[in-house]
Amino acid sequence: MKHVEKYTRQYFLPPVFMSDWVRKDHLDRPPIWCSVDLRDGNQALIEPMGLEEKLEFFRMLVEVGFKEIEVGFPAASETEYDFMRALIDRDMIPEDVTVQVLTQARPHIIKKTFEAVKGAPHAVIHLYNSTSVAQRNVVFRKNKEEIRRLATEGAKMLLDLAEKTEGDFSFEYSPESFHGTEVEYGLEVCNAVLDIWKPSADRKCIINIPGTVETAMPHVFASQIEYISKNLKYRDNVILSLHPHNDRGCAVADAELCCLAGVERVEGTLFGNGERTGNVDLVTLAMNLYSYGVDPGLDFSDMPRVRGTYERLTQMRVPARQPYAGDLVFSAFSGSHQDAIAKGMAARERETQGEPWTVPYLPIDPKDVGRNYDKDVIRINSQSGKGGVSYILQHNFALTLPAKMKESVGYAIKQVSDETHQELSPDEVYKAFRARFVDPMPYFAVEDAEFKRMGEAVVAQVEIRRADHVSKVEAIGNGRLDAASNAVKEFFGVSYELVAYEEHTLSRGSASKAIAYVGISTSERDFWGAGINEDILTASIHALCVAVNQLPKIAAQDKSADARLTDMLDFIRKNYRNVTLETMSKTFHLSEPYVSKYIREKSGKTFGEHVTAERMKRAKGLLKNGVATVESIAYESGYANVEHFNRTFKRLFAMTPLAYRNRENGLPVDKKRRKS
């Protein structure tokens, strides 16, 4: 890329190497969570939330379990101020919840902030000023001492107004744009603020380190935090907090590594909403802990509801691949993934209660966040495999496919998805299964069968219907299905081997049905069929017929044309004036590319050639048997433009429409008919 030379690293390393955090491999407890959705998140919206919307969002955060919620910047606007007052005046703040408000280190803003929080049961006053080299030099044009004085004077003012204002208040300080600040200097400013507040065991303060613009790799941030944590004054009485942004896409990693390095509190938002690339995603952080067996203290067991409320109130959208919450995060389309998940779920069902979750490709049980296996996990498209398809059929429709049949069914369902260019719902999977393996008997069917014993053998008298003709055939076998199969073989002169037969019930009770699966094999390949009936023998013979109907020799004996192609060409014939690939696609429930390819391969002509041929048939009939104008004939033939009609006609027949009319009526080809 061009101009790379104008960029450089913008962070500062601590003066000594810090790496104790590296020796830890996981978190064993959650941090204190502070949601900043109503402040940082809200200010990042194209259309910030109104008062009632913020109140609803606040209630949702409380229900999820947040005990600390930054509710706004009261001095920034009347909406922010009114929201803070509404929470207090309507007594909406639970006893165990602390609200937090943000203020710059500027006297008039601090005063307005305390007016807003008057009477709060407990509120954190969050003071900040920027300490980075860029902000000092470019924005404020102040030296280090002047910037530190801004922070300490603001800290003194917080102490003074807290004494004079009704309510219970504690303090938080943030050296904004910390990444661009020399680490030692950032620590110096934080300690100067702490020297004024003098935190105690019963009146702790919060030092919050904001990754206002994320410029360092996560391990650098962790080293900086470890240095701060080990060198803060009053450390036992200070809660070290973190406020990561996501400019490098590493906010979650920043938060986790910094918690290893000493952070006890994390500020962030649901789903990472925030300025630019956003804040750290508290949902992901909390669920990462959950996936390790650590209770995060936040309840996302109904993730769809939380996400739905968030999207409705903010007008933001959670991406399909957002961890834990996106539409597709638990979805497996790949055949190998589906097979592993299906086997993992089967193993899970055999395990005793309390066994650790170990299902491949699923870091947590989707049900634990309100998701559904059938709709969210195994999803069927052209990339799916036999494991996923058989899982859907078993868990939704109680069909336990024979192991050898699963591959054929998987390919068949994938083909349907490929033809339609669509994902298939469970109902559509079942419909496709029936259409391919239960319903089709295009060439023959067994209408009736009677059996009698002859010693160890069984004699079958079978009625085979082929088109409108019924034939009775007798054959012997070692069982009823084998005898019926031999009758079919003899009648059609075909050879195959019965290689699989399985059956099971589908429901209980007097009206229960059974399903039978039959597999036959030839030297070329295997063929499968299924039958569903109250009588298992009837179901078995039906399944056999479906399988045998697929044999190429059976098809070769039938003289009927391709049914689908016939229907397509009939549709073109009936709708030649305005037919399009789009209308064909909708009528036959196939994608436009597939319709075009099918017609071309099956008929040897393109869709357009068939349409043109039908239009020309109409045009030639009108030219030969009437005196209508060329313009009206063009319209009747489906051409809105007479010039297009003339060009097409001449290209196909090497003469104009009028010349064709003259020739068909015995007139000179170039003679012009007089106007009547």
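Reckoned from all heavy atoms, side chains included, excluding hydrogens, waters and symmetry mates.
- A side-chain donor from one of Ser229 and Arg235 sits under 3.5 Å from a side-chain acceptor of the other.
- For the residue pair Tyr234/Asp195, the side-chain donor-acceptor check at 3.5 Å is satisfied.
- No side-chain N or O of Thr181 forms a donor-acceptor pair with one of Ser132 less than 3.5 Å apart.
- Remark: side-chain polar atoms of Glu226 are paired, donor with acceptor, to backbone N or O of Asp20 under 3.5 angstrom.
- Of the inter-residue distances, the one linking Met345 atom CE with Asp365 atom CG reads 6.5 Å to the nearest 0.5 angstrom.
- Under 3.5 Å, the side chains of His179 and Glu214 contain no donor-acceptor pair of N or O atoms.
- Within 6.0 Å of CD in Glu146 there are more than 12 heavy atoms belonging to other residues, nucleotides or ligands.
- For Gln43 and Glu275, the side-chain atoms include at least one donor-acceptor pair closer than 3.5 Å.
- For Phe169 and Phe114, the ring centers sit closer than 6.0 Å to each other.
- For the residue pair Asp281 / Gln322, a side-chain donor-acceptor distance below 3.5 Å is found, with atom types taken as modelled.
- Side-chain contact, Asp254 with His245: no donor N or O sits under 3.5 Å from an acceptor N or O.
- Between the side chains of Tyr324 and Asn288, at least one donor-acceptor pair of N or O atoms lies under 3.5 Å.
- In this model, no donor atom of one side chain and acceptor atom of the other lie less than 3.5 Å apart for Asp28 and Tyr292.
- Few gaps surround NZ on Lys24; more than 12 heavy atoms of other groups in view lie less than 6.0 Å from it.
- Counting only N and O atoms by type, the side chains of Ser174 and Asn208 include a donor and acceptor under 3.5 Å apart.
- Electrostatic pairing of Glu78 and Arg85 does not count as a salt bridge here, judged by no charged N lying under 4.0 Å from a carboxylate O.
- Between Trp33 and Phe66, the ring centre distance reaches or exceeds 6.0 Å.
- In this structure, Glu80 contributes its side chain and Phe73 its backbone to a donor-acceptor pair below 3.5 Å.
- By the 6.0 Å and 45° rule, Lys144 stacks over the aromatic ring of Tyr185.
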Run the numbers on Glu172 and Gln100 for side-chain hydrogen bond (donor to acceptor under 3.5 Å, both in side chains), then give the verdict.
-> CA-CA 9 Å; Glu172 175 179 345; Gln100 177 173 304; 3.2 Å; yes

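- A salt bridge is defined here as a Lys NZ or Arg NE, NH1 or NH2 lying under 4.0 Å from an Asp or Glu carboxylate O, and Asp160 with Lys156 fails to meet this definition.
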